[in-house]
Trainee: 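One structure, as structure tokens, below. Some questions next.
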Protein chains: 2
Amino acid sequence: MKEKCERVNAGQIGGMLKKVPETESITRMAAVFQALQSDTRLKILFLLRQKEMCVCELEQALDVTQSAISHSLRTLRQLDLVRVRREGKFTIYYIADAHVRMLIEMCLEHVEEKHEH
Amino acid sequence: MKEKCERVNAGQIGGMLKKVPETESITRMAAVFQALQSDTRLKILFLLRQKEMCVCELEQALDVTQSAISHSLRTLRQLDLVRVRREGKFTIYYIADAHVRMLIEMCLEHVEEKHEH
DNA sequence: TGAATATATGAACAACTGTTCATATATTAA
DNA sequence: TTAATATATGAACAGTTGTTCATATATTCA
């Protein structure tokens with residue numbers, strides 16, 4: 001650690017660093033936000049927020065290939081942002097939990113608020 | 001639109017699509033999540049959550065160059081996730097608003113919950 | 001069984017991102 | 001003024017991502 005700026009209080013900063021989540025959590029969070037960073041995946045979540053859906057329904061709703069949707073769903077699934085249920089030959093996807101709903105709603109509020117004036 | 005899967009109800013899907021935020025909002029959200037997807041920027045936010053800080057303090061706390069921090073801060077600033085205030089020769093950064101705090105807290109809860117069992 | 005439908009996966013490529021290095025600008029103090 | 005400190009910016013490169021295409025697997029129904 002270099003001691004440069006007069007505002008720096010090394011002890012205080014040390015204390016603050018302890019309150020930053022551990023690297024593993026940060027990396028996991030980065031992965032979650034990274035999954036939420038694609039237009040396609042966001043649209044999928046805003047659809048699933050209204051009703052659980054199978055892949056073909058999503059395919060009908062979105063303007064990308066079935067392959068792209070499937071890849072997107074896998075990403076969301078791996079981070080437990082959506083969950084799956086088999087129903088005969090259909091695979092039904094749905095939003096995992098309230099956190100996920102909150103995340104996209106908070107973010108939507110944030111971006112819409114900024115453009116109202 | 002192709003009409004394939006027997007579960008698809010084109011009318012219903014049309015109605016659901018209307019409730020998906022408009023493309024501009026989605027794109028803006030994607031940009032916000034994209035900004036939150038980097039370890040460095042997340043650490044910055046978890047530090048700023050505790051106390052507003054100048055760039056050198058962040059430099060002291062994080063293990064990246066001043067340039068990298070400055071670039072990261074610009075990204076966060078452009079999306080109104082953090083705001084700036086000049087104080088003499090220092091530039092003080094702070095979390096923009098409650099939405100941002102919520103976003104990182106929701107995500108942290110999500111990832112920590114998943115690893116407790 | 002076999003054909004049809006539904007979904008998943010791997011490869012490949014263009015596009016994008018984060019970092020560092022080098023340098024520019026802004027502010028203060030001398 | 002000039003020197004020192006604080007911050008910002010542009011270029012460039014390695015690494016990562018999202019999509020499509022081609023193909024594989026799984027389930028149902030005849």
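Naming convention: chains lettered A, B, ... in sequence-line order (proteins, then strands); numbering from 1 in each chain.
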Trainee: Closest-nucleotide mapping onto DNA chain C: is B:R7 or B:A35 further toward the 5' terminus? I mean the 5' end.
Mentor: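 Per heavy-atom nearest nucleotide, the more 5' residue is B:R7.
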Trainee: Of all the heavy-atom pairs spanning B:Q34 and B:R41, show the shortest one and how long it is.
Mentor: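 Result for this residue pair: O-NH2, 3.4 Å.
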Trainee: Okay, side chain of B:R49, backbone of B:K51: is any donor-acceptor separation there less than 3.5 Å?
Mentor: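 Flag not set: sc B:R49 to bb B:K51 has no pair under 3.5 Å.
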Trainee: Do A:R86 side-chain atoms and A:G88 backbone N/O form a donor-acceptor pair below 3.5 Å?
Mentor: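 Checked: pair present.
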Trainee: Return the value, rounded to whole Å, for the distance between atom CD of A:Q60 and atom C1' of C:dT5.
Mentor: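 Atom CD in A:Q60 sits about 15 Å away from atom C1' in C:dT5.
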Trainee: Which atom pairs link the protein and nucleotides 21-23 of chain D when you take only N or O atoms and keep those under 3.5 Å?
Mentor:
{"residue": "D:dC21", "atom": "N4", "partner": "A:S67", "partner atom": "OG", "Å": "2.4"}

Trainee: Look up atom CG in A:D80 and atom NE2 in A:H99, then write down how far apart they are to the nearest 0.5 Å.
Mentor: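 Atom-to-atom, A:D80:CG and A:H99:NE2 are 11.0 Å apart.
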Trainee: Going by the angle between their ring planes, with limits at 30° and 60°, are A:F33 and B:F33 parallel, tilted or perpendicular?
Mentor: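 Rings of A:F33 and B:F33: parallel, as their planes differ by under 30°.
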Trainee: Rounded to whole Å, how long is the line connecting atom CD of B:Q37 with atom C1' of C:dT19?
Mentor: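 One finds 13 Å between C1' of C:dT19 and CD of B:Q37, rounded.
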Trainee: Would you indicate which nucleotide in D:dA6, C:dT20, D:dT9 comes nearest to any side-chain atom of B:S70?
Mentor: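 The closest nucleotide is D:dT9.
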Trainee: For A:L47 and A:L62: C-alpha separation, side-chain torsions, deciding distance, then whether side-chain contact (heavy atoms from CB on, under 4.5 Å) applies.
Mentor: CA-CA 10 Å; A:L47 286 165; A:L62 301 171; 4.0 Å; yes
Trainee: Rounded to the nearest Å, what distance is computed from the CZ atom of residue B:F90 to the P atom of nucleotide D:dT7?
Mentor: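 Rounding to the nearest Å, CZ of B:F90 and P of D:dT7 are 6 Å apart.
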Trainee: Starting at atom CD of B:Q78, determine the distance to atom P of C:dG18, rounded to an integer number of angstrom.
Mentor: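 It is 12 Å, rounded to the nearest whole Å.
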Trainee: Among C:dT7, C:dG10, D:dT9, which is the nearest nucleotide to the side chain of B:R77?
Mentor: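 The answer is D:dT9, which lies nearest to the side chain.
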Trainee: Return the nearest nucleotide to the side chain of B:S38; candidates are C:dG18, C:dA6, D:dG18.
Mentor: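 Of C:dG18, C:dA6, D:dG18, C:dG18 is nearest to the side chain of B:S38.
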Trainee: Quick one: which of D:dT28, C:dT7, D:dT19 gets closest to the side chain of A:S72?
Mentor: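 For A:S72, the side-chain atoms sit closest to D:dT19.
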Trainee: Output the rounded distance in Å from CD1 (A:I44) to C1' (C:dT7).
Mentor: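 Whole-Å distance recorded here is 13 Å.
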Trainee: Distance check needed: C:dA26 P versus B:I92 CD1, whole Å only.
Mentor: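 Rounded to whole Å, this separation is 19 Å.
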Trainee: Can you list everything that forms a side chain to side chain contact (heavy atoms under 4.5 Å, CB included) with A:T27? Sequence neighbours excluded, please.
Mentor: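 Here the qualifying residues are A:T23, B:D39.
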Trainee: Toward the 5' end of DNA chain D, which comes first, A:K89 or B:L73, by nearest nucleotide?
Mentor: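 That would be B:L73.
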Trainee: Can you find a side chain N or O atom of B:Q34 that sits less than 4.0 Å from OP1 or OP2 on C:dC16?
Mentor: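 The answer is no; no side-chain N or O of B:Q34 sits under 4.0 Å from OP1 or OP2.
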Trainee: Return the set of residues passing side-chain hydrogen bond (donor to acceptor under 3.5 Å, both in side chains) with B:K89 (not counting sequence neighbours), or none when no residue passes.
Mentor: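 Here no residue qualifies.
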Trainee: Whole angstrom is fine here: how far is it from CD1 in B:I69 over to C1' in D:dA8?
Mentor: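 It is 13 Å, rounded to the nearest whole Å.
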Trainee: In whole Å, I'd like the distance from the CD atom of A:E6 to the C1' atom of D:dA4.
Mentor: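 Taking CD of A:E6 and C1' of D:dA4, I get 12 Å after rounding.
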Trainee: C:dA6, OP1 or OP2 - any side-chain N/O from A:Y93 closer than 4.0 Å?
Mentor: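 No, A:Y93 has no side-chain N/O under 4.0 Å of OP1/OP2 on C:dA6.
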Trainee: Are any of A:R41's side-chain N or O atoms less than 4.0 Å away from OP1 or OP2 of D:dG18?
Mentor: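 Checking D:dG18 against A:R41, a side-chain N or O does come within under 4.0 Å of OP1 or OP2.
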Trainee: When you measure from the side chain of A:R74, which nucleotide among D:dA6, C:dT9, D:dT17 comes out closest?
Mentor: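 Out of D:dA6, C:dT9, D:dT17, the nucleotide with an atom closest to A:R74's side chain is C:dT9.
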